[in-house]
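Single-structure report; data block below.
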Protein chains: 2
Amino acid sequence: MTRQVSGAAATRESLVSAALELFGDYGYDAVSTRQIADHAAANIGSIAYHFGGKPGLRIACIEYVISVVREMLGASVSEPLPETLSPDEALDMLDSMFSILLLLGSTRPDADRISNFMTRELVVPATVDALLYEKLTEPLHERFSQLFAIAVGGAVQGSELALTVFSLFGQMVFFRQCKPVIVKHMGWPGFGLTQAQAAGAIVSQNLKAIVAYHRSRDGFVAGEARPGA
Amino acid sequence: MTRQVSGAAATRESLVSAALELFGDYGYDAVSTRQIADHAAANIGSIAYHFGGKPGLRIACIEYVISVVREMLGASVSEPLPETLSPDEALDMLDSMFSILLLLGSTRPDADRISNFMTRELVVPATVDALLYEKLTEPLHERFSQLFAIAVGGAVQGSELALTVFSLFGQMVFFRQCKPVIVKHMGWPGFGLTQAQAAGAIVSQNLKAIVAYHRSRDGFVAGEARPGA
DNA sequence: GTCTATAAACAGATAGAC
DNA sequence: GTCTATCTGTTTATAGAC
């Protein structure tokens, strides 16, 4: 019983891992298939064999990233919300989801490259961008919107709600996306767990500030049922 | 008197304009010098002649973007702050600077490509990124930090201040950066003046919410002098 | 399934005619 | 200053040996 049969899967994984890292660091177009093959200790031909070509490898990376993030968020995004959810509970759920996403780059060994790749793919999407959008961005936005609406007692709705949630996304994405700039400015040694937590604390604080603002603006009373329910 | 002498400047402008648009839309690495030359109705050789090569053209684009943004922000970033600045005045200045930056893509004809290029360059910086960072990001961040500190009466300082300002940057950058995603989700026909204003309203609201949060947290009293002055 | 050699297209840079 | 033809290296994709 040799490892010959499982060699294929190992090569696939190795290629996706290498591609994820290089695409994330330098961008899809800046990286050649040779670099990827070298980095994965595989040969160039294997990319065509396993993925059909460079675009196929990109899609495989996107699918991998989607599966990892969905797994990390787990029930918070896949299961329906409990019907009886107080505004403060909704706020806590929002907060913890942000925390998970922001710390994603620090809690598992390969997650930094996942995070790099994902944020880059969000900004510089391929023609296949629909994949990441439909499977990740859209469901996440939907869930965040539900939670935010409950957290502010229904005071924010429609396009204002959608844009506010995007603005919260923006804060989170920015910290990971412009990591080099932030690390340089802050004089940090890198962007590890400590730094991710520092960024997370700010995002959390801002979330609470924005929620508090909308609550007070519309005469929110703690524990009161939201209108329209 | 022919236009031959001014032809050089026209070619330069044309090449920068074309490069700005293509780099902004597809990224530096994905665009070939041939595409740029075609788009600018110039020949390939002119890129080497005027800019020394593709990297030189990129630097020319960065310099152009820096000059435009600094011009638009004008006195708000280049001149020293007035010594007597009330928290509310500081907040207003912050607000209007955000507004200028966000509407940048809608107030001048070539500004959409400027905005695209800039946000992309921020995320996928060249080895020459120091240019954009030193001349634009850093001074902007410095000014925003000063204003924010005054706006909250000195309640936020040090790394918390720096990160909070970055988080505000993030909101703004995200709206321009993930334009395709947002436009798609909102069902907008595009990202024109109306849409930029809608996004700007949210950013402005969030800014006020965050400032209000820090003011109330530290017992801020309107009109009170900030500590340490 | 793995690896190598090769093909066809493309990149950026350049020399020289005009 | 402009433009074209060409050079050199590199890209992805592929055919075929093992």
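Scope of the values below: all heavy atoms of this structure, side chains included, with no hydrogens, waters or symmetry mates. Just so we're on the same page: letters track the sequence lines, and every chain starts at 1. Since we're looking at a predicted model, the values are computed, not measured.
The backbone N or O of B:Tyr28 sits less than 3.5 Å from a side-chain atom of B:Lys54, completing a donor-acceptor pair. Within the 3.5 Å criterion, the main-chain N or O of A:Gly7 finds a donor-acceptor partner in the side chain of A:Thr11.
Contact between the side-chain N/O atoms of B:Thr11 and the OP1/OP2 oxygens of D:dT2 is found at a separation under 4.0 Å. The phosphate of C:dG12 has OP1 or OP2 within less than 4.0 Å of a side-chain N or O from B:Thr33. A close approach under 4.0 Å does occur between a side-chain nitrogen or oxygen of A:Ser32 and OP1 or OP2 of D:dT11.
One can place CG of B:Leu22 at 12 Å from P of C:dG12, the figure rounded to the nearest angstrom. Atoms CZ (A:Phe51) and P (C:dT2) sit 11 Å apart, rounded to a whole Å. Separating the CG atom of A:Asp29 from the C1' atom of C:dG12 is a distance of 16 Å, rounded to the nearest angstrom. One interatomic measurement links the two molecules: CD1 of B:Ile47 to P of C:dG12, which rounds to 8 Å at whole-angstrom precision. Between the P atom of D:dA13 and the CZ atom of A:Arg58 lies a distance of 13 Å, rounded to the nearest Å. Straight-line distance from the CG atom of B:Asn43 to the P atom of D:dT4: 7 Å, rounded to whole Å. One atom, NZ of B:Lys54, and another, C1' of D:dT10, lie 13 Å apart when rounded to the nearest Å. Here the C1' atom of nucleotide D:dT4 and the CG atom of B:Asp38 are 13 Å apart, to the nearest Å.
Nearest-nucleotide mapping onto DNA chain D: of A:Ala48 and A:Gln35, the residue sitting toward the 5' end is A:Gln35. Residues B:Gly53 and A:Ile44 both approach DNA chain C. Their nearest nucleotides, taken by heavy-atom distance, put A:Ile44 toward the 5′ side. Residues B:Val31 and A:His50 both approach DNA chain C. Their nearest nucleotides, taken by heavy-atom distance, put A:His50 toward the 5′ side.
A donor and an acceptor atom never sit less than 3.5 Å apart when one is taken from the side chain of A:Arg34 and the other from the base of D:dT10.
Ionic pairing of A:Lys208 and A:Asp92 is not present here: no N-O contact between side-chain nitrogen and carboxylate oxygen is shorter than 4.0 angstrom.
Rounding to the nearest 0.5 Å places CD1 of A:Ile202 at 13.0 Å from CG of A:Leu207.
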